2 protein chains.
Amino acid sequence: MQRQRMTSSPIEPRSRVNLRRLADEVGVHPSTVSRALDPTKRHLVADDVADRITTAARQLGYRPNPVAASLRTRRSTLVGVLVPDITNPVFSPIISGIAEILGAEGYSTIVADAGTEFGPRMALIDELIARRVDGLVLATVSRDDPMLEHCLAEGVHVVLVNRADDSDRASSVVSDDVAGMRVAVEHLYQLGHRVIGHLAGPSTLSTGHLRRVGFEQAMQDHGLAVPPAAIVEAASYDRDEGERATARLLQAYPGLTAIAAANDLLALGAYKALAARGLRCPADVSVVGHNDMPLVDMVEPPLTTIRIGPRDMGRDAARLLLERMTGSALPIRRIVLAPDLVFRASTAAPRG
Amino acid sequence: MQRQRMTSSPIEPRSRVNLRRLADEVGVHPSTVSRALDPTKRHLVADDVADRITTAARQLGYRPNPVAASLRTRRSTLVGVLVPDITNPVFSPIISGIAEILGAEGYSTIVADAGTEFGPRMALIDELIARRVDGLVLATVSRDDPMLEHCLAEGVHVVLVNRADDSDRASSVVSDDVAGMRVAVEHLYQLGHRVIGHLAGPSTLSTGHLRRVGFEQAMQDHGLAVPPAAIVEAASYDRDEGERATARLLQAYPGLTAIAAANDLLALGAYKALAARGLRCPADVSVVGHNDMPLVDMVEPPLTTIRIGPRDMGRDAARLLLERMTGSALPIRRIVLAPDLVFRASTAAPRG
DNA sequence: CTGAAAGCGCTTACAG
DNA sequence: CTGAAAGCGCTTACAG
C-alpha cells in the first residue's frame, strides 16, 4: 500500500559559518577563535576578546564541525557499542545506561547489532574502527573471544559489559554471576527443595559458565547431590532452546522439584516444556530465572528471578571506558555488581 | 565490589598507512589511488594500475579514513535514529530493520535515546546534525512536532517511522493504524461483543489519534453506540497509565464486556486494573492490544493483539531515506503497512 | 596574549 | 588515462 504526494523537498545548505568566517567577522585570527571556544584553552586568550568571540559565535549560529576536529586530533568522540541482539530486552537498559553517561561527556554512541555470525561481527568491528571510534563497549564476548584479541591488536580502548573474557585482557563490568546463582539456589533450598535441576547457559559464555559454577557451589554447600543428569546446557539463550533443554532435563532427572535457569528466556522456555507435560509451576515444579528482564513480572506465573541491574552495568562500563579514553595506561579493572533476588510467584515450597 | 589487576594496556598506534603512503609505495599519484579504490571511478584508471593499487592496498592493510573523506565530501555516511525510549521493546525491531538496510549500503547508524523532555531532544538533534549525519529517522514525532520543523529547516533528510506527522512534511512509514484498530474491533464484534470500550493513546500522537478514529469508524459501521464514557485517553504509552486509565474506564462505562487498547503496554495495564477489581480476562472482559510486542504471547492470558511488522517498517524507512539521500528532490512518500490480527487468549465471547 | 603556518587524509575539478 | 593543486574546517606547535 503506498500513497504519494508530489511535493519535492529541496535540501537547503545548512548554516555555513565556519571558524574562519567567524574569525573574519570578529577580526581575529582563526587560531584565537579556536582557543576561545575550547574550554580548556580559553584562559589563553584575553577575556574581552573571548567574550566577543563567544557572542559572535552565538549570533552567527556557529557550530564547530566535529568531523574536521576529528581529522585533526585523531579523536572522534564516537563510541561503538556491540550487542549480540538488539532485540533482546536485556540489552536495552545496558545501552541506555552507556549512552546516558557517554552523552553527558559529549560522546555519541553508535550501536551495532552484531548478530551471531563471526564474519559480519568482525566486519562491524572493522567498520567501527575505520570510523575511528575512540572506544568500544562489547556486550558480546565469549570467554575466549578472537574479537577481543582483534580490538586489542588494533589498539582501541575496549570495555566488556555483561559478559567477560576469561583472561582479564580488558576491563569489564558484570553481575556477580556465581553469587547470583547461589542466591537463586539458596532461595529454592530455603523453600524446601532438595532435588534441583540446572538449565545452564552456553559454557562458552562467562554467564553460562559462572552461573553453573554458582549452582554447583550452592548445592555442595548444602551437601546436595549434583549428578550429571541434574544439569543440561542450552545451546543458546532463547526460549525455544530453553524449552528443548527443559524437556531433556525432565527426562533425565525425573525426581526434580525445582529448576534454576541461567536466564529468563530459558526459564520462559521451561514454562512451555512444563505445560506440555501437564506439570504446573510452581505447584509441581518451581522455576527461577536470571536477569529480571522487562515483562517477566507479567508472565504467568510471574517469574521469580535474579535482578542484575543492567542500566547500572551500562553506566559503569561507560565510566570505565571514559577513564581509559581520557587517562593513560590505566590498570585493567573488573567491576562486579551484586545482584538480588526478586521473589515472585514461580517458586514455592515443593509438594507434600 | 571491585577487584583490580595492575596490568597496563599501552595503546598501539593503529595501522598507519594512508592514501599518500600507498601511492608512494605503488609509485603513482594519490589521486590515482583514490580513483582506483572508488568503485564508481575505477574505470577511469588503467586496469593493470588499478590492480597493482588494489593489491598493494590489501598487502599494506590500507583502510581509508572515512573522517577525511567526510570532511572533503561533506557527506558522513552516518545516519541518526531517534527513538523515544530505547527500553521500549517495540523499537528494537525497528532499529534493527533500519540498521540492516543502511548497513548494507555502508551507512552506520547512531541510535539516540531521545527521552521525553523537549530540551534534551532538541539538543540531541543538534548534536547529530553537527556530526553531519546524512539523514535522520525519527520514531518520535508527535502529530505537529517542532523537532520535525527544525530538521527540515536545517536541511537534513528526514524519514518518519511508526508515528507520522499530520502535515505530510516528510516521508513516513507507518502501520495502517485506522485499519488495525478496525480489525481489532471487528474481531470483538464477531465474538459477540456489543459494549466495547476504547483505551486510547495520547491524541497528540498519530497512533493515538488514528487508532481512536479506527475505533469510532468500526463501531459506527455496526451501528454501535460510542458514548463519551466509552473512550478514555491515556496520557502516555505505559503500563501504569494503562492501569489508571482502565480504572477510569470501568468506572465510567460499567456495562462494557471488551476493551480495545491502543497498544500492548496499555493492555497489560488493563490486565492489572481488571485483576484489582476481581474481573477475569477474558471471562468477564476481553482485551485486545496493539503492536504484538515481544513476550505478550507469554503473559497470562496470552494477549490477542494487532501485529504491525516493526522490522519491516524499519527496513522501509531505511529504504526511503536511502532514496532521498542518493537521489535528488524526490516527492514525499507515505508507506502504510497493513497489520494483522493475532488471535490469542485474551479475547473470547462475552458471558451469557 | 595573538598570529602565521602546517597539516590531519582524503576528493575532485582542471590540465594535459 | 594520470598528475598537480587546492581545499574541506579544524588544532596546535612555534614564534613573537
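For the numbers below, each heavy atom of this structure counts, side chains included, while hydrogens, waters and symmetry mates do not. Proteins get letters first, then strands, A, B, ... in listed order; numbering begins at 1 in each. Treat the numbers as computed from the prediction; the structure is a model and nothing was measured.
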Query raised in the report: Should A/Glu25 and A/Leu60 be marked as a side-chain contact (heavy atoms from CB on, under 4.5 Å) after you check the CA-CA gap, both sets of side-chain angles, and the distance that decides it?
Result: CA-CA 9 Å; A/Glu25 216 71 35; A/Leu60 297 176; 3.7 Å; yes
Residues forming a side chain to side chain contact (heavy atoms under 4.5 Å, CB included) with [X], sequence neighbours excluded:
X: B/Arg74; answer: A/Arg16
X: B/Thr140; answer: B/Leu82, B/Pro84, B/Ala114, B/Arg121, B/Leu138, B/Met147
X: A/Asp312; answer: A/Arg315, A/Leu337
X: A/Ser171; answer: A/Val159, A/Leu320, A/Arg324, A/Ile332, A/Arg333

Do [X] and [Y] come close enough that some side-chain heavy atom pair is under 4.5 Å?
X: B/Leu71; Y: A/Asn65; answer: yes
X: A/Val79; Y: A/Val133; answer: no
X: A/Leu78; Y: A/Asp134; answer: no
X: A/Asp126; Y: A/His150; answer: yes
X: B/Arg311; Y: B/Glu100; answer: yes
X: A/Leu160; Y: A/Asp165; answer: yes

Could you give the side-chain donor-acceptor pairs of residues 102-112 of chain B under 3.5 Å, partners two or more places apart or in another chain?
| from | atom 1 | to | atom 2 | distance (Å) |
| --- | --- | --- | --- | --- |
| B/Tyr107 | OH | B/Arg75 | NH2 | 3.1 |
| B/Ser108 | OG | A/Glu127 | OE2 | 2.8 |
| B/Ser108 | OG | A/Arg131 | NE | 2.9 |

Requested in this report: Let me know, please, whether A/Arg72 or B/Thr32 comes out on the 5' side of the other along DNA chain D by nearest nucleotide.
Outcome: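 Here B/Thr32 is the residue nearer the 5' end.
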Query raised in the report: Using Watson-Crick and G-U wobble pairs whose two distances are both under 3.5 Å, how do you write the pairing of DNA chain C as dot-bracket, with | for links to another strand?
Result: |||.||||||||.|||
Report summary line: Applying side chain to side chain donor-acceptor pair (under 3.5 Å) to B/Glu149 and not counting sequence neighbours gives B/Arg169
Residues touching DNA chain D, which here means a heavy atom under 4.0 Å, drawn from [range]:
range: residues 19-30 of chain A; answer: A/Leu19
range: residues 102-109 of chain B; answer: none
range: residues 33-55 of chain A; answer: A/Ser34, A/Arg35, A/Lys41

Query raised in the report: So what does A/Pro64 touch, heavy atoms closer than 4.0 Å: a base, only the sugar-phosphate, or nothing?
Result: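 Sugar-phosphate contact only.
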Query raised in the report: Is A/Thr73 touching bases, backbone alone, or none of the nucleic acid, heavy atoms closer than 4.0 Å?
Result: sugar-phosphate
Query raised in the report: Could you give the start and end, 5' to 3', of the contact zone on DNA chain D for chain A, using atoms under 4.0 Å from its heavy atoms?
Result: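 Both ends considered, the range comes out as D/dG9 to D/dA13.
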Query - Within residues 46-56 of chain B or reaching into it, pairs that qualify as salt bridge (charged side-chain N to carboxylate O under 4.0 Å, His left out) - sequence neighbours excluded - result: B/Arg42-B/Asp51
**Report entry** Electrostatic pair B/Asp316-B/Arg319, nearest N-O below 4.0 angstrom
**Finding:** yes
